[in-house]
Amino acid sequence: MNLDKAMKRYIPMSETMFYILLSLREERHGYGIMQHVEELTNGRIKLGAGTIYQSLSKLNGDGLITPTEEVDRQKKYVITEIGSQILMKEANRIKELYSAVEDLL
Amino acid sequence: MKDKKTELFAGFKYYVPADFEKFMEKNAAEGWNVDKIHQWSSTSMTFQKTEPKKYRYVVDLNAFPTKEYKETYRQFGWEYMGRMASMYVWRKEYTDERPEAFTDCQSVRKRSMNVFWVLTALNIILIASMIALTILYFGNYYSEVSEDIAGYSIAMILLIAMTAITLYASNGVYKNRQR
């Protein structure tokens, strides 16, 4: 998938997708992602097995992440170049949102 | 006291995934449990009397599961109960908060829409069969094949009934897609 198409499909993205992409800057498997996201959000987001499986399949199918190795039938994934570009675009969008709410709080 | 009971057509009665889950959980809470889900459990399922259990059931339609599908669920502590066609059934015992496998509204909707699309595909097949049957029948109107009006009518009535049921179910699943 090229960048334009990926941008149309992923920006803006759900919180789930954002945190999964963010976690995969380091290679992780599904359960590892859940633990990492739970830590990042101080326990607010506890991703479920079905949600993780669906999201990883989608991101992998669209080439935003790629499998690396398989340990005990658990595939590990890492973000791709295009995934990183999408993550940066989304980060910039969130930054804009952040500056918009700053005066509000 | 009876220690067994059989539920017929549970998979059809509770065609909305969340309803099937609730049905299984209610039985578990009353001490009626199954060890395994089989291919034909949707048609006939035998529960054994056990201690009351606090189970969370999850139904997930996955037509093309990859190798790590089951492993992902297992890592999250889900017990694989079996499957009815492509309907995978998972369960987890819990104490406080009812655990979820789908934790955001997008994935809950996707789970429901997977069921909706399978029902819709079935619908298209049923409607196509009716059209094909009609063309075959009236296309041969003046030949002897067409003398079997009774056979044609029975087949059509059956197909119409099945289409109506499938449409009703897919509509129900769609309406409940956020559950």
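So you know, we letter chains A, B, ... as the sequences are listed, proteins then strands, and number each from 1.
For A/Glu70, the part sitting under 4.5 Å from any heavy atom of chain B is the side chain, from C-beta outward, and nothing else. For chain B, the nearby part of A/Lys46 is the backbone; its heavy atoms alone come within less than 4.5 Å. For chain B, the nearby part of A/Ile52 is the side chain; its heavy atoms alone come within less than 4.5 Å. In this structure, chain A has a heavy atom under 4.5 Å from the backbone of B/Glu100, while its side chain stays farther away.
With respect to chain B, the highest number of heavy-atom pairs below 4.5 Å among A/Gly48, A/Ala49, A/Ser55 belongs to A/Ala49. Between chain A and the residues B/Lys70, B/Lys67, B/Lys110, the largest count of heavy-atom pairs under 4.5 Å involves B/Lys110. Among B/Phe76, B/Trp90, B/Phe102, the residue with the largest count of heavy-atom pairs under 4.5 Å with chain A is B/Phe76. Contact count versus chain A (heavy atoms, under 4.5 Å) is highest, among B/Asp104, B/Thr103, B/Thr72, for B/Thr103.
For B/Arg56 and B/Glu25, the salt-bridge test passes: some basic side-chain N is under 4.0 Å from an acidic carboxylate O. A/Lys75 has a carboxylate O that lies under 4.0 Å from a charged side-chain N of B/Glu68, or vice versa, which qualifies the two as a salt bridge.
A distance-only check finds a donor-acceptor pair linking the side chain of B/Glu21 to the backbone of B/Val59 [under 3.5 Å]. Checked by atom type and distance alone, the side chain of A/Arg25 pairs as donor or acceptor with a backbone atom of A/Leu22 at under 3.5 Å. Put simply, the side chain of B/Ser86 never gets that close to the backbone of B/Leu61: no donor and acceptor are under 3.5 Å apart.
Ring geometry for B/Phe23 versus B/Phe20: interplanar angle of 30 to 60°, hence tilted.
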